[in-house]
Each structure stands twice: as structure tokens, then as C-alpha cells.
Amino acid sequence: MKYMLLVCGDDTAEASAMPPVEPWVEELGDRRVRLHGHRLRRPDEAVTVRVRGGEVLRTDGPFAETKEYVVGFDVLECDSLEEAVEAAAKHPVATVGAMEVRPFWDDVDAREEIRRLDAELTEAARERDVDRLLCCYTPDVAAFHLADGRPLHGLDAFRKTGAAPASTRPGNW
């Protein structure tokens, strides 16, 4: 899963005591945990853009009277939130600032799931494996057994609904 690591600095902290960032970047890069990252300029160089009623509203930074602000970011690929937190805790800025770890929405990886499902369907079709094909389409299917009204799920629901006498099936089966 991907995580955004927001690196937050603090104007009141003594950054000279902070260890260098490069070894952390190299280690996580070598392990393919850190996918991308970069430093950001200070908030007084930022711009906020809003559109209200079709009008573009621009506000030049800084935006808030705060000592802490985002000084950089990293995109991490980790197996769990705990792994991402562990990586953030090892970031040198964590010793003088703060790290915010935020998971990406799950649908970011939808293309991978589509590719996986396509490969599964293709392989099942090549092998003429009807059950395997149906399993690709039916994992979330919910149906009601027509005889007693009990809910059924997945391939079982598909089979039992399809096996019902034609007179009791919905639609034009």
C-alpha cells in the first residue's frame, strides 16, 4: 500500500543537531520502500488557489501563524501502516519536527486489480475452467434462495439461483 509521508519542520527546533537525510533516502530507496520525495520551499512562497462562483481566488502565503509547516514529502510503498510508521520514525526530521503518515485511497491500485482479474479470466478461459471463470465474476454476488428467502453469496448464490426451476427464476432466464 502507498503512504504519503508529510515531513513537518519547526522554526523553533535546532536543525543543526539533526542527522543528514541522505542515508535514510538511500536505505529506503535501495529497499524500494521510498518511491519518490522532495523538499518544499517555505510557506511564504506558497500560493493557495480557490475557485468560487467561477472566479479564481489566489492567496499568497504564508497562510497561518504556526511554527510547524510541511517542509517536504515522501511517497512510501509499505506492507502495512506499522511499516510506514517505522520508516517515518527513522527519518532524521522526526528528531526535530514531526512526520504525518497518510495512506493513499485503496482505489489508487485499481489498475493492478484489473490486470490481475484480466489475467485470471484469460487463463481460466484458456483452460476452459467454467467454475474459475464464474468465481471471477461472482465473489460479491448476493442473491436470495428462491425457496426459503435465505441470502446466498458468491458462486454458491449464482449456482443455486441458476438451478431454480424456470418458473421461479426472475427475468427471462
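The first residue of the sequence shown is numbered 1, and numbering continues consecutively from there.
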Just wondering, do [Y] and [X] contact through their side chains at under 4.5 Å, heavy atoms?
{"X": "Lys90", "Y": "Leu28", "value": "no"}
{"X": "Val75", "Y": "Met4", "value": "yes"}
{"X": "Arg39", "Y": "Val21", "value": "no"}

Taking CG in Asp60 as the centre, count heavy atoms belonging to other residues, nucleotides or ligands within less than 6.0 Å. Is the count above 12? yes

Determine, stepwise, if the pair Thr59 / Arg50 fulfils side-chain contact (heavy atoms from CB on, under 4.5 Å). CA-CA 9 Å; Thr59 307; Arg50 293 178 178 85; 4.0 Å; yes

Please report the interatomic distance [atom1]([X]) to [atom2]([Y]), rounded to the nearest 0.5 Å.
{"X": "Leu57", "Y": "Arg52", "atom1": "CG", "atom2": "CZ", "answer": "7.0 Å"}
{"X": "Glu83", "Y": "Arg31", "atom1": "CD", "atom2": "CZ", "answer": "6.5 Å"}
{"X": "Thr122", "Y": "Leu117", "atom1": "OG1", "atom2": "CG", "answer": "9.0 Å"}
{"X": "Leu76", "Y": "Lys2", "atom1": "CG", "atom2": "NZ", "answer": "11.5 Å"}

Do you know the tightest heavy-atom contact between [X] and [Y]?
{"X": "Ala94", "Y": "Ala88", "value": "CB-O, 3.6 Å"}
{"X": "Ala87", "Y": "Trp24", "value": "O-NE1, 3.0 Å"}
{"X": "Pro92", "Y": "Met18", "value": "O-CG, 3.3 Å"}

Val7 and its side-chain contact (heavy atoms from CB on, under 4.5 Å) partner, picked from Val71, Val70, Leu40: Val71

Short question: side chain of Glu77, backbone of Met1 - any donor-acceptor pair under 3.5 Å? yes

Please check this pair: side chain of Tyr3 against backbone of Leu81, looking for a donor-acceptor N/O pair closer than 3.5 Å. yes

